[in-house]
Each structure stands twice: as structure tokens, then as C-alpha cells.
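Residue numbers count from 1 along this sequence. Atoms within a ligand are numbered from 1 in the order they appear, just like the ligands themselves. Bear in mind the structure is a predicted one, so any value in this text is a computation, not a measurement.
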Amino acid sequence: MIHARGLARTYTTRRGDVDAVRGVDLDVEAGEIVGFLGPNGAGKTTTLRMLTTLLRPTRGEATVAGADLRRDPATVRRRIGYVAQSGSTASEARAGEEVVDHALLYGLERSVAVTRGQELFGQLELDGLWDRKAGSLSGGQRRRLDIALGLIHTPRLVFLDEPTTGLDPQARANLWTHVRGLRDTRGSTVFLTTHYLDEADALCDRILVIDAGQIVAQGSPEELKQRVSGDAIVLTATQPSDVARIAAVAARLPGSSEAVVDGSVVEVRVPQGRTQLAGLLRALDADGLEVDGVELRRPTLDDVFLTLTGRSLRDGEQSRDSADTTDGEAA
Ligand SMILES: Nc1ncnc2c1ncn2[C@@H]1O[C@H](COP(=O)(O)OP(=O)(O)OP(=O)(O)O)[C@@H](O)[C@H]1O
Ligand SMILES: [Mg+2]
């Protein structure tokens, strides 16, 4: 459904060139739900905009939904749906009209468009908002309207750029159900970016991790988690002055990683953390070392992320304004 080779994009700015995407190869098969993960500025939106014909690649080739991206962008456009990170709804239009207009652009008949639009409004919990001006909707309602626009023509391939950012937990869960439904009932393929690791874990068949413009890992959520060996044991020293000695004891556990110390907190990674915990506590006790808290953590996708990119995705969420895409030429 998507086959890209060496896809790259360099932005030319007054302050020099930005290599936003540096040679991405990717293959997405029909019927897959694929998550595209990476810290802020990694190149996710740029990749999506190239694959949806909105931005011309500097280098590389791709076929998208069976059509060549460079030679036949019109066919690509007709076959896909795209929900932009920044949204696309005009604020003066009425929500229902906007959805219907969008469908007409794709060649649907008005009566079909209205039926399909109303069905989508129901599924996305936008009931009663058909005649409301888009500008008067709440942020989460507006996001769901963006999603309705991207899905109105029942595309076989849908690109969603951070579809659930700004949605409340219930609306997020509802969207997951909807995305799975698209795949299960219509065989649609979904390529989405997200900063929520629980979302990637719960929803995606496969995950691609991009960092600094290159794919650094891919696999199912389980496969990725298995790459991070061992469980984390996190200890909080009662006396901050004991922290170095606690770290030394923890690092002596069989198969332990080096201990990472942060203030009075010590973290090590060990195989079979649960079975090693009792021995660790006894060893600390024998040395007269007291801890306030002990936590055992199974690897999460965030650990995968940290291992692969040296950064936590959660850190990234706090600096979300780092990559505002404003311009870019259409292909
Ligand atoms: N129009 C542009 N002009 C110049 N640089 C750009 C432009 N758009 C994006 N960039 C830069 O390209 C890099 C990749 O940006 P991109 O928007 O693809 O990241 P992203 O992975 O989608 O990040 P986020 O998680 O914040 O949405 C960043 O360094 C960004 O600042
Ligand atoms: Mg982005």
C-alpha cells in the first residue's frame, strides 16, 4: 500500500538547510495499522506530507495506494485520506456542509455524501453538531471534524497526523474503535503518527520509529519491547548520602546494567526483576542501607524509545511547539 525508497526532504531556510527527512525506506501492507513514532522534529509530518503529495521530496521514490507519487500524484490524492496535524476545517463553514463539500470534491453524490457524513458524525460522537459553525466547536470536537473530513470518501489508505492530540480519554478510545473498524469492515490501511505510547501499543499492528529524519527501528509493539532487555528496578534512597552505595549494591545483581543515579533515585535494569527483588532488599538491609520506595517496571514503549533515541517521548510532549510547519510547496 505504501512503498517508499530513499525518501528525503531538505528545507532551505534563511538560516541554512534543514535535513528534515534523510532517506526513509518504508513498506506498509494493505490492512495494516501502522504507527509512526518519533520525538518532536523527527520528521514525521514531513514524511506524511510527502507521501500525501503535499510536499515534493528532495530525493527518493514512492508508490502510494498503487500510484507513483511523482508521476501520478492526482491518483494518489484521489485514493487517500489525510488528516493534518494542524487540522483543516474553515471556521465560518457549518460542520455538516464542510464534510459534504469535501465529499463532493472527491466525486461523491450529494445524497450519498449527506448519508455518509451523518453516519460519520454519529460514529465520531459529533451528533447534533451538523449545523454548527466549525469555529464554535470545542478543540476536541473540531479535531473529530477534521477526522470526519479525512474519512468521508472512505479512502483505502488513511494518513492521520496525531489524530488524538487534544482529545479526552473517552474520545481517544472511541477513535481507536473507529480506526479498528475501518480496517476490519472496509479493509482500510491506516498510517498514523502519535506521541501516546499507550495508543501505539493498543492500536498499531506495527510501529516505525523515526529519529532525526531516519527510521531507527520497526516491529510490532511486542517485538520492540523485547529489544529492551530486562525490567527496571527503581529505588529511592531514604538518606540521599547513601545513594552511591545503594547504586553499587544494585549494580551487583546478576545480569544488571550499570546503575543510573538521579538525585536520590537509583535505577538499574535486570533480567527477571521480580525474582531478584527480594535478594536486593536483603543485600541492602545487610549493608544498613534504607530505601523509601521500590518500584519494578516491565519495559514499556517509552523505554524502547529511550533506548533507541536517548530521549523520552514524554519529554518531547512538553516542547511541542518546536516544529511548526507553516509553508511548503505542493507537488
Ligand atoms: N516548512 C519548514 N521549513 C523549515 N524547516 C521545517 C519546515 N517544516 C519542518 N521543518 C523542520 O523539519 C524538521 C522535521 O519537522 P516535522 O514537522 O516533520 O517533525 P515532526 O516529527 O512531525 O515533529 P512533531 O512531533 O513536533 O510534530 C524539524 O526540524 C522542523 O523544524
Ligand atoms: Mg508533526
Side-chain angles (χ1 to χ4, degrees), residues 2 4 6-26 28 34-60 62 64 69 80-89 139 142-143 146-147 149-150 158-167 172 175 190-201 203-204 206-218 224 301-302 304-306 308-331:
I2 307 175
L7 214 56
R9 172 72 197 198
T10 302
Y11 293 106
T12 307
T13 72
R14 257 171 286 147
R15 277 178 284 164
D17 287 354
V18 180
D19 294 321
V21 175
R22 309 159 181 249
V24 160
D25 295 345
L26 56 89
V28 174
V34 174
F36 201 32
L37 264 64
N40 287 140
K44 302 179 296 295
T45 297
T46 303
T47 305
L48 252 61
R49 296 187 73 216
M50 289 194 282
L51 292 172
T52 53
T53 77
L54 296 170
L55 189 66
R56 204 194 316 274
T58 313
R59 278 182 286 114
V64 177
L69 189 62
I80 64 171
Y82 174 50
V83 176
Q85 182 171 0
S86 49
S88 48
T89 42
R142 201 150 160 177
R143 192 64 188 140
D146 291 334
I147 292 163
L149 286 176
V158 191
F159 293 91
L160 304 171
D161 199 351
E162 297 192 32
T164 61
T165 297
L167 296 190
R172 278 176 71 208
L175 188 75
V190 182
F191 192 70
L192 66 106
T193 76
T194 180
H195 283 278
Y196 299 113
L197 293 159
D198 60 332
E199 177 163 291
D201 209 349
L203 184 59
C204 299
R206 214 149 54 80
I207 290 173
L208 305 176
V209 181
I210 183 169
D211 189 32
Q214 287 180 312
I215 307 265
V216 292
Q218 49 185 305
L224 289 176
L301 277 180
D302 200 47
V304 175
F305 217 79
L306 201 61
L308 290 169
T309 69
R311 262 168 293 170
S312 165
L313 251 194
R314 293 194 200 112
D315 298 343
E317 269 185 63
Q318 285 151 21
S319 55
R320 297 202 35 81
D321 53 348
S322 67
D324 248 0
T325 55
T326 44
D327 63 359
E329 89 250 33

Could you state the interatomic distance from CD1 (Ile147) to CG (Leu167), rounded to the nearest 0.5 Å? 6.0 Å
Quick one: does Ala42 get an N or O within less than 3.5 Å of an N or O on ligand 1? yes
If the contact criterion is a heavy-atom separation under 4.0 Å, does Arg9 count as touching ligand 1? no
Interfacing atoms of ligand 1 (cut-off 4.0 Å, heavy-atom, Ala20): 12 (O), 13 (C), 14 (C)
Report yes or no: do Thr10 and Asp17 form a side-chain donor-acceptor pair below 3.5 Å? no
Measure the spacing between OG1 of Thr46 and CG of Leu51 and express it to the nearest 0.5 Å. 11.0 Å
Rounding to 10°, state the angle centred on the Mg ion (ligand 2) that links OG1 in Thr45 with OE1 in Gln85. 80°
Should Arg49 and Gln85 count as side-chain neighbours, where that means a heavy-atom distance under 4.5 Å? no
Please find out if the Mg ion (ligand 2) and some N, O or S atom of Thr46 are separated by less than 2.8 Å. no
In this structure, which one of Thr194, Leu175, Val190 forms a side-chain contact (heavy atoms from CB on, under 4.5 Å) with Pro163? Leu175
Are His195 and Asn40 close enough that some pair of their side-chain heavy atoms sits under 4.5 Å apart? yes
Using a strict 4.0 Å cut-off to heavy atoms of Gln85, name the atoms of ligand 1 that fall inside it. 27 (O)
Numbered atoms and elements of ligand 1 in range of Glu162, under 4.0 angstrom, heavy atoms: 25 (O), 27 (O)
Which atoms of ligand 1 have any heavy atom of His195 under 4.0 Å away? 25 (O)
One residue to check: Thr45. Relative to ligand 1, which of side chain, backbone, both or neither has a non-hydrogen atom less than 4.0 Å away? both
What I'd like to find out is whether the side chain of Leu192 reaches to under 4.5 Å of the side chain of Val83, using heavy atoms alone. no
Checking the N or O distance criterion of under 3.5 Å, is ligand 1 in contact with Thr13? no
Near Gly43 (heavy-atom distance under 4.0 Å), the atoms of ligand 1 are 14 (C), 18 (O), 19 (O), 20 (P), 21 (O)
Applying ring-ring contact (aromatic ring centres under 6.0 Å, His included), can you list everything that pairs with Phe191, at least two apart in sequence or on another chain? Phe36, Phe159
Report yes if Val18 has an N/O atom closer than 3.5 Å to an N/O atom of ligand 1; otherwise report no. no
Nearest-option assignment for atom 14 (C) of ligand 1, heavy atoms, candidates Ser86, Gly41, Ala212: Gly41
Give a yes or no on whether Asn40 keeps an N, O or S atom under 2.8 Å from the Mg ion (ligand 2). no
Out of Asp19, Thr46, Leu37, whose heavy atom sits nearest atom 18 (O) of ligand 1? Thr46
Measure the shortest side-chain to side-chain distance between Tyr11 and Leu55 over non-hydrogen atoms and say whether it is less than 4.5 angstrom. yes
Residues Leu26, Ile2; criterion side-chain contact (heavy atoms from CB on, under 4.5 Å); working and verdict: CA-CA 7 Å; Leu26 56 89; Ile2 307 175; 3.5 Å; yes
